[in-house]
S.K.: 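After the C-alpha cells below, expect a handful of questions from me.
Sequence lines set the chain letters: A, B, ... in the order given, protein chains first and strands last, and positions in each chain run from 1.
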Amino acid sequence: MTLRITEVEAYLGEVDPGSHAFRGRTNRNAVMYGPPGHLYTYFTYGMHVCANVVCSPEGTATAVLLRAGEIVDGIEVARLRRVTSKTDADLARGPARLCVALGITLADGGAGLSGPRFHLELPATPSPFATGPRTGVSGEGGTLDYPWRFWIPGDPTVSPYKASVPKKRS
DNA sequence: GTCGAGATTATCT
DNA sequence: GATAATCTCGACC
C-alpha cells in the first residue's frame, strides 16, 4: 500500500525536551541513535503505537515523527484496520492511527526504509508546507520555542486535533 | 464543530 | 510508583 505523508514533527534528540532522547540513550530509543533511514516505533499511553523516521547519522538521535498521511493505495486494507474511521481522511489522521492504518507495530521498529517491508521515496515535486508548535508534547517541548511541526496546509488528512491552544469561552 | 475527561500499559526514575 | 510524542466518546454550542 502507499501513503502520502502530509504531516510530521521533528525531534532533535538530546537538545529537545520533547524528545525521548532528551534524557540520554535508553533501550527504547536506541534505534534513533542508529543509522538513518530506519523506522523507530514506540508504544505510548499504554495503547498506541507511533512511528518515526531516523534521519541523523549514527550517534545522534534526531528523528521525524509521522503524524498524518493520506492513503493513496491500499485504502481498502486501511479501512479494515480502522473500522472506527468514518471517512477516508480519518484513516491516517494522527500518529497512532497512521501506524494502525499502515499495519506498523513494535515489531517493525528498526526496520529499514529501503527494505522489503517499507520503502520511502521523495515526491517528484516538493509540496508547500507550514510550520508551527508541536502538539501532544508535554512540558516546554510543546511550546512556540520548538516550532518543529510541519504540515501541508489545506490537506484534509492533516489533524486539526488540538491544533490550537485551548481558548476560553466568553 | 469544539471542548473535556477517561482509558490502559510499556518504559523510566 | 509516576509518567506518557494519543485516541475515543460524550456533552455542549
S.K.: For His20(A), does its backbone N or O pair with a side-chain atom of Asn29(A) as donor and acceptor, under 3.5 Å?
M.R.: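 Answer holds: yes.
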
S.K.: Going through the distances and angles, do Tyr146(A) and Leu12(A) end up as a side chain to side chain contact (heavy atoms under 4.5 Å, CB included)?
M.R.: CA-CA 10 Å; Tyr146(A) 302 86; Leu12(A) 300 201; over 6 Å; no

S.K.: Rounded to the nearest 0.5 Å, how far apart are OH of Tyr40(A) and NE2 of His38(A)?
M.R.: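 Rounded to the nearest 0.5 Å, the OH-NE2 separation comes out at 15.5 Å.
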
S.K.: In whole angstrom, what separates Tyr45(A)'s OH from dT11(B)'s C1'?
M.R.: 14 Å

S.K.: Return the value, rounded to whole Å, for the distance between atom CZ of Arg28(A) and atom C1' of dT3(C).
M.R.: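 Taking atom C1' of dT3(C) as the reference, CZ of Arg28(A) is at 10 Å.
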
S.K.: For a quick check of understanding: with a heavy-atom distance under 4.0 Å over all strands, which category does Asn27(A) fall into, base, sugar-phosphate or nothing?
M.R.: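 Contact class for Asn27(A): sugar-phosphate only.
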
S.K.: dA5(C) base to Tyr42(A) side chain: any donor-acceptor pair below 3.5 Å?
M.R.: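 Indeed, a donor on one side and an acceptor on the other fall under 3.5 Å apart.
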
S.K.: Using the closest heavy atom to pick a nucleotide of DNA chain C for each, name whichever of Val137(A) or Arg97(A) lands nearer the 5' end.
M.R.: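 Whichever sits nearer the 5' end wins; that is Val137(A).
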
S.K.: Does anything in residues 5-20 of chain A come within less than 4.0 Å of DNA chain C? Heavy atoms only, and list the residues if so.
M.R.: Tyr11(A), Gly18(A), His20(A)

S.K.: Given dA5(C), is OP1 or OP2 found less than 4.0 Å from the side-chain N or O atoms of Thr44(A)?
M.R.: no

S.K.: Start at the 5' end of DNA chain B and walk down; is the nucleotide closest to Leu106(A) or to His48(A) reached first?
M.R.: His48(A)

S.K.: Specify the separation, in whole Å, of atom CZ of Arg93(A) and atom C1' of dT8(C).
M.R.: 13 Å

S.K.: Let's see if you can work this out: which of dA10(B), dA5(C), dT6(C) has an atom nearest to the side-chain heavy atoms of Met32(A)?
M.R.: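 Out of dA10(B), dA5(C), dT6(C), the nucleotide with an atom closest to Met32(A)'s side chain is dA5(C).
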
S.K.: Nearest 0.5 angstrom please: Asp155(A) CG to Thr6(A) OG1, how far?
M.R.: 4.5 Å

S.K.: Which part of the nucleic acid, if any, lies within reach of Arg134(A) when heavy atoms closer than 4.0 Å are counted: base, sugar-phosphate only, or nothing?
M.R.: nothing

S.K.: Give one of base, sugar-phosphate or nothing for Phe43(A), where a contact means two heavy atoms less than 4.0 Å apart.
M.R.: sugar-phosphate

S.K.: Say you draw a straight line from CZ of Phe118(A) to CG of Leu102(A); how long is it, rounded to the nearest 0.5 Å?
M.R.: 7.5 Å

S.K.: To the nearest 0.5 Å, tell me how far Asp73(A) CG sits from Arg4(A) CZ.
M.R.: 14.0 Å

S.K.: For DNA chain B, which ranges pair as stems of 3 or more consecutive Watson-Crick or G-U pairs, with both donor-acceptor distances under 3.5 Å?
M.R.: B:1-7 with C:6-12, B:9-12 with C:1-4

S.K.: Side-chain N or O of Arg67(A) less than 4.0 angstrom from OP1 or OP2 on dT6(C)?
M.R.: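 True: Arg67(A) side-chain N/O within range (under 4.0 Å) of dT6(C) OP1/OP2.
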
S.K.: To the closest 0.5 Å, what do you measure between CG (Leu80(A)) and CD1 (Ile75(A))?
M.R.: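 Separation between the atoms: 11.0 Å.
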
S.K.: Looking at every heavy atom in both Ala68(A) and Thr157(A), which two are closest together, and how far apart are they?
M.R.: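 Heavy-atom minimum between the residues: CB-O, 3.4 Å.
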
S.K.: Measuring from Tyr33(A):OH to Glu58(A):CD, what's the distance to the nearest 0.5 Å?
M.R.: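 Result: 12.5 Å between the selected atoms.
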
S.K.: Which of the following nucleotides, dA5(C), dT8(B), dT6(C), is nearest to the side chain of Ala96(A)?
M.R.: dT6(C)

S.K.: Write down the distance between CZ (Arg25(A)) and P (dT11(B)), rounded to a whole number of angstrom.
M.R.: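 After rounding, the gap between these two atoms is 16 Å.
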
S.K.: Between dT8(C), dT6(C), dA7(B), which one does the side chain of Met47(A) approach most closely?
M.R.: dA7(B)

S.K.: Does either side chain, that of Ser85(A) or that of Arg97(A), offer a donor lying less than 3.5 Å from an acceptor on the other one?
M.R.: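 Ser85(A) vs Arg97(A): no donor-acceptor pair found between side chains.
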
S.K.: Let me know the distance between NZ of Lys86(A) and P of dC9(C), rounded to the nearest Å.
M.R.: 7 Å

